[in-house]
Amino acid sequence: MPSIAVIRFPGSNCDRDIITGVASITGTKPSAIWYKDTDIARHDLIILPGGFSFGDYLRGGAIAARAPIMDEIQDHVWRGGYVLGICNGFQILTESELLPGALMRNVGLKYVCRDVVIKAHHADDGLLSAFKDGQSFRMPVAHNEGNYYADEETLARLQDKGQIAFTYTAGIGGDKHIDANPNGAIEDIAGIVSENGRVLGMMPHPERNLDPIHGGGGQDGRQLLKNLIEAVAP
Amino acid sequence: MINVLITIQFKEDVLDPEGKAIAASLHNLGYSEVGAVMTGRLIRLTLDESDTARAMQKAAKMCEVLLVNTIIETYDITIEDGEENSA
Amino acid sequence: MINVLITIQFKEDVLDPEGKAIAASLHNLGYSEVGAVMTGRLIRLTLDESDTARAMQKAAKMCEVLLVNTIIETYDITIEDGEENSA
Amino acid sequence: MNANTTTQEHATQMGLNADEFARICERLGRAPNLTELGIFSAMWSEHCSYKSSRRWLKTLPTTGAQVVHGPGENAGVVDIGDGLAAVFKIESHNHPSFIEPYQGAATGVGGILRDVFTMGARPVALLNALRFGAPDHPLTRHLLSGVAAGIGGYGNCIGIPTLGGETHFDASYNQNILVNAMAVGLAQRDRIFLSAASGVGNPVIYIGAKTGRDGIHGATMASAEFSEDDQSKRPTVQVGDPLAGKLLMEASLELMAADAVLAIQDMGAAGLTSSAVEMASKGGLGMELDLSAVPMREADMSPYEIMLSESQERMLVVLKPETMETAQEIFDKWDVDFAPIGTVTDTGNLVLRFQGDVVANLPLAPLVEDAPEYDRPWEAITPPTPTPNDALIRDMPLSVALKTMLSSHFLASRRWIYEQYDRHVMGDTAIDCGGDAGMIRVHNTQKGLAMTTDCTQRYVLADAELGAMQAVAEAYRNITATGALPLATTNNLNFGNPEKPEIMGQIVGAIKGMGAAAEALHVPIVSGNVSLYNETDGMAIAPAPVIGMIGVIDDIMRARRQAITAPEESIYVIGNEGLGTGWLSNSVYAHIIAENTDTAAPPPVDLTAEKRHADAIRALNDKGLISAAHDVGDGGILVALAEMLLAGNMGAQLTLPAHRLTHDWAFGEDQARYVVAVADAPVFEAMLTDLEVPFQKIAMSVAAKELKLGADDAIALTELRRGHEDWLPNLMKG
Ligand SMILES: Nc1ncnc2c1ncn2[C@@H]1O[C@H](COP(=O)(O)OP(=O)(O)O)[C@@H](O)[C@H]1O
Ligand SMILES: [Mg+2]
């Protein structure tokens, strides 16, 4: 099993959730690392959890992205380590330019918490390697700023290099009366990976749909996390 | 066409947690010379109007009616050529 | 002590849904003379610094490092006595 | 000491009448100075002293084997087994939310969370109860969007799921909206922290955000009637800082876990004043504070302002002296201010120093014990007569009436609101908004904790005693429908001006009805809040004694939702119509379809039947016989059934004989009833027959996405859904 650590910033609030979720899959609790501690060297996968790091003041993830621990994470990436950012973690990854583009305010100008269905894209290496093309997952999103934006050139590059990891797909709800895309993200983008496939950011919360008690009924989040963990240590 | 710039800030006694967070972050980044930080919003409008005084008046009305939360915020209106009016 | 005003706006080709929503509300309220509406943020800092040129430089650095997401935003810095610099 | 003594004129400005001021002077043997008068006015305000309601609140049932701490603490504490306790309370932020809906609602959430974590509990869920004016009133959209965003803004950021609530519209709230927020927390039963100070000489520590001029005199404002043109009383609006709230919460819980805390109290209404006075007086001791040591956000604050500020995210703690260093480390880690500001004394006085001078010296006893208590004159309610069913038009096809009702402001989906709330954070959500009650798993256990808020104010307006009883009964059913056992109650009494005998009559009636129901249903009232003077220019709100309730289920896998998700299940009503045909008087049907808005008699409540039917539901569910359950409330049986079908996207065919399919039957709001879906009908029926509980099979679920009401009446689910889901988004679009 890969060694996994979860970074906690002041205002992170899905740290316990992802720790519990991962532990229920691997049988081992990921380490929790307080952002003021900077020793992350011995871990394979670093997870930046959801929440409101530093209150999301200024812009979601902006202040956390400038914390010293992000230099360590940068080094970890250069060393070939893996990083997963969920929701606020994704915002931190774009703010720190570990991933291209930006997460802007939802077009609806409101916080949105509801289920979405996302479709995965396969890549031969990196975190997407265990996904099948078109494999779909249902799970909740919950965010104010999930509206992914990239300029044309960046977008073309993302498409070209297969960096679009997840896209929102198909309406949901009783008779699919709820839009597929919850936030106006360009090209329905729900998650992207870095060019080397090792840094993944996504808005939906797999840790919120992996237990039999969870409302969606399914456990798609469990499968999604399993795929990621498998990719880190096949 | 008149371009109007409206800047909106918190009233003096109102807590500005965002300003506080930004100040702390700038200090952490080594900018110890930063003192108080205050945040606000700005709104830029074009008005199909030729008279600056009237544009000013209308903008003030829009601020009161919609754009500004006058319970906690104050605003300034600038006609883009430079005139200014405080509220 | 130097007072610095930073105004931050979306780049031109970045969608500003809030601006659009405000324009629609103003039209609903009968302000048909309102054309484009753009929203932005402002940040006011005091700097413990005596030289305006240096203050300007430092503020620009802070914008690049933290205050502005240059992928989607542009900024202007004004030293409160009136000097201005565009980026 | 400062010689600026006060006069009646000052007292009047602060909301104290001549009797009250005279009593203060008498007990002090002198006139108070301005700071002291401010402290008295806050402590003796309606908000802090409950002077109009206290006498009646004492009559409520507050005990039971499950009760660990009843009213009088920051929140109620209930034993949920296995050494664990649930800690919960509801609180209003009505006036501030009308002035500034976003911040008012946000700080309301922050405030109720502090009440819960002050007791050593980790908050695990939030709920709310909201009342807005008529949907087409010019302020409604602005207030609703601000309040919903504010509740989400705080709750989402601090990372606690919002799992339920209720939203009603009524013109009586046009100028006085209601924003009640409830928080639920979990603690070790033997690790509850209280506020009574102890240990003479022990340090008193201020923790949390800095003090500014926010909300000075908020408590007195919450105790005064509004006048539309009176802006002068409006204090600086409090702004919530959920990040500061989160850090304060984590630091406080860590401090308590480190065994450093002797007493702890949040600074809520009346800020430092009420927290210091309460801690010292509950401990039977005294306290001396140096106000110069209080962390301040603004320059030149006076002692008066420091004592009365309602800045958010602050607490007062009495620490074990030997733990100062540990405490300091914890607060450094979380970047939270930590300032020793005084000591516990044995003088029985509150002594305040500022820049070296004593600026106030008040005996605590008069502040607390001598707070006025009024036996206000009240007019007993005369229960109105019911509108006979025959006086109501009943000729529309059932399907059309159903669709109209489901897309009315009474029953339309509240999704637009609750999609703005994070409902899944903390990872233990089993049932979120949109069902009867919310439910979380008690972390690391198999136990479920169910929770709800309820009140049907049009019933209360018609008959306060019956209406309040019904509110308790409905909350009880909502918990029961999930399979959980209701445990205890909190309440928020929202009323107009108690100095009017008819309003006082509503208050007295509601307390009686609520008490009787809580007693009969074994759900003691362990906490609560009173919000009076919800009036503008003499117009009082429709009274809303909002009930918050929690319940527990031992095996969360047995929790039931309202969605019918399988075809060919039998659908039953449990319980029967009170008058044999269905109670339409003052129902949603009467208001929306028959356009009869009389404040006519609401349905009667039979507490014995409520209890018996609920016990039956639990017994059936424990045997695994129920696959979906929903209580029958607003709109009656057909609305309940439609909601279950919409939730599961499943059709149904009514199986009752045509002559039984009346409007009275379909839309009557008789109490003590549930609609359930059942896979094994014979066993189910046999068991109910044994239990002597009335039941009736009404329908079968079918895969076709349609509700078939009879030979020539049917409606597609999409059509029902459209109006139901679109009403609120359309309203908010304007
Ligand atoms: N303000 C709100 N916040 C969260 N959930 C809400 C709110 N208003 C209504 N709801 C949800 O909408 C559903 C319907 O509410 P209500 O009509 O009061 O239900 P019931 O009649 O079963 O008590 C409930 O699940 C409730 O939790
Ligand atoms: Mg309800």
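Worth knowing before you read on, the calculation uses all heavy atoms, side chains too, and leaves out hydrogens, waters and symmetry mates.
Each of C:G40, C:G35, C:S32 has some count of heavy-atom pairs under 4.5 Å with chain B, and the biggest count is that of C:G40. Chain C forms more heavy-atom pairs under 4.5 Å with one residue of B:A55, B:A36, B:A59 than with any other, namely B:A36. Between chain B and the options C:I43, C:V65, C:L67, the largest number of non-hydrogen pairs under 4.5 Å is found for C:I43.
Taking the side chain as every heavy atom from C-beta outward, C:Q9 and B:L42 approach each other to under 4.5 Å. B:L47 places none of its side-chain heavy atoms less than 4.5 Å from the side chain of C:Y31. B:T39 places none of its side-chain heavy atoms less than 4.5 Å from the side chain of C:R44. Considering only heavy atoms from C-beta on, B:M62 comes within 4.5 Å of C:V34 through its side chain. Using a 4.5 Å cut-off on side-chain heavy atoms (C-beta onward), C:V37 and B:T46 make no contact.
At a 4.5 Å heavy-atom cutoff, the contact between C:L45 and chain B is made by backbone and side-chain atoms alike. Residue C:L5 does not touch chain B at all, counting heavy-atom pairs closer than 4.5 Å. If you measure heavy-atom distances from B:V4 to chain C, you find no contacts under 4.5 Å at all. Proximity to chain C is absent for every atom of B:I6, based on heavy atoms less than 4.5 angstrom apart. Heavy-atom distances place no part of B:I2 under 4.5 Å from chain C, backbone and side chain included.
Applying the 6.0 Å contact sphere to NZ of C:K61 captures no more than 12 heavy atoms from other residues, nucleotides or ligands.
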Q | side-chain contact (heavy atoms from CB on, under 4.5 Å) between B:R41 and C:R41, intermediate numbers included | A | CA-CA 4 Å; B:R41 309 183 283 130; C:R41 308 182 284 123; over 6 Å; no
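Within residues 17-25 of chain B, the residues having any heavy atom closer than 4.5 Å to a heavy atom of chain C are B:I22, B:S25, listed by residue number.
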